[in-house]
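Letters go in sequence order (proteins before strands), and every chain restarts at 1. Values in this document were obtained by computation on a predicted structure and should not be read as measured data.
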There are 2 protein chains.
Amino acid sequence: MQKKQITLADLAKELGISTATVSRALKDYPDISEETKRKVLELAKKLHYRPNSIAAGLRKRESRVIGVIIPEIVNHFFSSVIKGIMEVAYEAGYRVMLCQSDESYEKEVKDAETLLANRIDGLMVSIAHETSDFQHFREFQDAGIPIVFFDKVPLVEFENVSKIVVDDFQGAYNSVQHLISMGKRRIAHFRGPLIAYTSRNRLEGYKKALSDSNIPIDENLIFGCQDISLEEGYNYCRQALALDEPCDAIFAVTDMVAMGAMIAARDAGVVIPDQLAIAGFSNWKISALMEPPLTSVDQPSLEMGRLASNLLLKEIQANKKEIEIKYETHVLKTHLMIRGSSDKNAILTTRQILLH
Amino acid sequence: MQKKQITLADLAKELGISTATVSRALKDYPDISEETKRKVLELAKKLHYRPNSIAAGLRKRESRVIGVIIPEIVNHFFSSVIKGIMEVAYEAGYRVMLCQSDESYEKEVKDAETLLANRIDGLMVSIAHETSDFQHFREFQDAGIPIVFFDKVPLVEFENVSKIVVDDFQGAYNSVQHLISMGKRRIAHFRGPLIAYTSRNRLEGYKKALSDSNIPIDENLIFGCQDISLEEGYNYCRQALALDEPCDAIFAVTDMVAMGAMIAARDAGVVIPDQLAIAGFSNWKISALMEPPLTSVDQPSLEMGRLASNLLLKEIQANKKEIEIKYETHVLKTHLMIRGSSDKNAILTTRQILLH
DNA sequence: AAGGTTTACGTAATCGATTTCGGTTTTTGT
DNA sequence: ACAAAAACCGAAATCGATTACGTAAACCTT
């Protein structure tokens, strides 16, 4: 029962004028008399006229839609980024078309193609784990559609794009340095898969912090997670505690892994943070609610989304005005949230912060 | 530097045939010779032809895009629903345009209007707290665009739409009945604002469970949350414990509130679950990771999203074929996840489930 | 009063794909 | 051999808004 939508032509016929005039009246062109504008606006309102932006988009060769491809939605970090993206995009009159790659290369390619077919004005991407070829993004460049990569970005492969990443290295460095300052020396690291640059940078930050404090790096204390799960954190923690020289602190690649470690420590009767200090990465909301609250590295997700949107919109505007685009790379600073899992004295203040 | 995209006309000119033939060749019409099809497909591939679905949409009067309006994205429940929605929609060849109302009526109206202007083929909505007028959705019905409401749905106001809700009443009932079966008698309820039907239904479920067990309802044990926060849970728990006849269990409207209560109990040195049992609602991932793990009512968010998509797609198809649409209302069952915060003996098994 | 400028609109092309009618050939049937 | 039927393809309208260009009338200007 597709009912007919009111069109410019309907208004024009009703008023006995041309569609050109109606269009211009609605857009408040100076060429049109106040009298006519008034009548057009009135009728448009009366008939509930809604402009068809598909048609307008076809004519103007712009859709006012931007595409977003992320690995997954059910993830606090990414959903925060999206919130930031949408805030800025909507303010500027752009809609958001969302795609989820599920960390699959194939899905990512398909998503890119349909977004291209939908003639989006710009694209924001956090690439999937599996992706190592980037041809599907090159097509956007060929079509003159700007791309902004965030969080998971291609490194050398891409030149003419803006990128936004989090300073994983510094975040990890600060976190480990904090553990050292708490008197820990046998600090284990549960790292992520090394295909991910984030994992790699965190590992490097960990190593640098140790060597800067003249603590030798013990490969036995470095455990590699495959799927960054609670289970891995749990099991590696048991292993790390069972070593001849057990660890006295853990820096985990992610809060999920850190929480697995915390549960294992609890089960083993190990006192946190006295016997074992634990620090995570990402600062999930849950982190602050654990017992004890988890020390973690906060990533500025909202800011990342806002910045990505702003960069992209700027490039879209530059494109329209045929101005040369300046591609930027931003490295966002992290914040170390010190809590009870690494610092006994932080417990009270954290709780206080939580409850104002 | 908007570069030119390849169009049907480009292909046609290159091959010396008409756009009509090219179009039909690409769509594999039986009218076109295999030879021509082959040549067209070949050239299309070579030139990286991407169909302009904006143009096709204009002509075919369909966009293959569905709109989604939710109160907020940074929320495990809603992001799960979206995941479910997108899974099904993408499988059927539909894109998703996402909007976030921020619980604001004004934003919701604006979102609805731009989605309408973008000629979406269907709409899914979870309405904002503030919304009590529904004219902006009526316009979709007038335009023959199907709507499916989920989670937060208008009750009596709307007739010709499908709705999907969670059985809050039954979920609350089961939860409270469980607390009773654990030997609790002074069960407090931290309810949500009564404008929300979900809050109201949970309150009713709570009351029914009590009266079915012949436990008198004590209004002093019912506390009203305004913004459903950790702080409210914390404060109400202190109040509930400070009563002349303190409570021995709490059923909270949401896990967030329940966790606030847990922290308060911890601070007060009250033993969970022996002295105070606590149960929440929503079953956030965190719930299972608290110490002790929080008993909670699981809402089938993914299923809700999938079902919403399926219903909407069915209505879109029916619309196209001019078939009468059958509007459905679904009430999804919840699952009570019994954990250590209400049942001592559940502790181990929960942990076991978590770690396989 | 002739020529120039505004004001206020209309005409028609345009964006790119789809689709309705046809219109040629070529093939098939008898 | 001649009509009938396929088989293939093209012209042009269409979707709805935008806009370059044109024009008629009114209004100045000296």
B/Asp10 atom CG is separated from C/dC15 atom P, nearest whole Å, by 11 Å
### Task
Side-chain contact test, heavy atoms from C-beta onward, threshold under 4.5 Å: evaluate it for A/Gln100 versus A/Phe78 and give yes or no.
no
D/dC8 OP1/OP2 closer than 4.0 Å to side-chain N/O of B/Ser33
no
In whole angstroms, the gap separating C1' of C/dG10 from CD1 of A/Ile17 amounts to 11 Å
Checklist entry - When you look at CD of A/Glu113, are more than 12 heavy atoms from neighbouring residues, nucleotides or ligands closer to it than 6.0 Å? => result yes
Is the terminal nitrogen or CZ of A/Lys110 (NZ for Lys, CZ for Arg) located under 6.0 angstrom from the six-membered ring centre of B/Tyr90 and within 45° of that ring's axis?
no
Q) Distance check: side-chain N/O of B/Lys60 vs OP1/OP2 of C/dA17, anything under 4.0 Å? A) no
Between CD of B/Glu62 and P of C/dG16 the distance, given in whole Å, is 20 Å
Phosphate oxygens OP1/OP2 of C/dT18: is one of them under 4.0 Å from a side-chain N or O of B/Tyr29? no
Rounded to whole Å, the NZ-P distance (A/Lys13 to C/dC9) equals 21 Å
B/Leu15 CG to D/dC8 P, in whole Å, measures 17 Å
Using only side-chain N and O atoms of B/Ser23, determine if any of them is under 4.0 Å from OP1 or OP2 of C/dT18. yes
**Prompt:** NA contact type, B/Leu8, heavy-atom cut-off 4.0 Å: base, sugar-phosphate, or nothing?
**Reply:** base
A/Ile6 CD1 to D/dA17 C1', in whole Å, measures 15 Å
Which atoms of nucleotides 20-26 of chain C (N or O only) lie under 3.5 Å from a protein N or O atom, and what are those distances?
unit_1, atom_1, unit_2, atom_2, d
C/dT20, O4, B/Arg24, NH1, 3.2

Residue pairs meeting side chain to side chain donor-acceptor pair (under 3.5 Å), one or both in residues 128-140 of chain A, sequence neighbours left out, come to A/Tyr105-A/Asp133, A/Glu108-A/Thr131, A/Glu108-A/His136, A/Glu139-B/Arg50
Rounded to whole Å, the CG-P distance (B/Asn52 to D/dT14) equals 21 Å
Compare side-chain N and O positions of B/Ser18 against OP1 and OP2 of D/dA11 and report whether any pair is under 4.0 Å apart.
no
Above 12 or not: heavy atoms from other molecules or residues under 6.0 Å from NZ of B/Lys152?
yes
Assign each of A/Pro51 and B/Thr19 the nucleotide of DNA chain D bearing its closest heavy atom; nearer the 5' end lies the nucleotide of B/Thr19
- Within the pair A/Thr21 and C/dG10, is there a side-chain N or O less than 4.0 Å away from OP1 or OP2? yes
Counting just side-chain N and O atoms, does B/Arg119 come under 4.0 Å of either OP1 or OP2 of D/dC15?
no
- Are side-chain heavy atoms of A/Leu302 and A/Glu87 found at a separation under 4.5 Å? yes
pair B/Met97-B/Thr114: side-chain heavy atoms closer than 4.5 Å: no
For B/Gln5 and A/Ala143 the tightest heavy-atom approach is OE1-CB, 3.1 Å
- Query: Is there a side-chain polar atom (N or O) of A/Thr36 under 4.0 Å from OP1 or OP2 of C/dC9?
  - Reply: yes
In whole angstroms, the gap separating C1' of C/dA13 from CG of A/Leu58 amounts to 13 Å
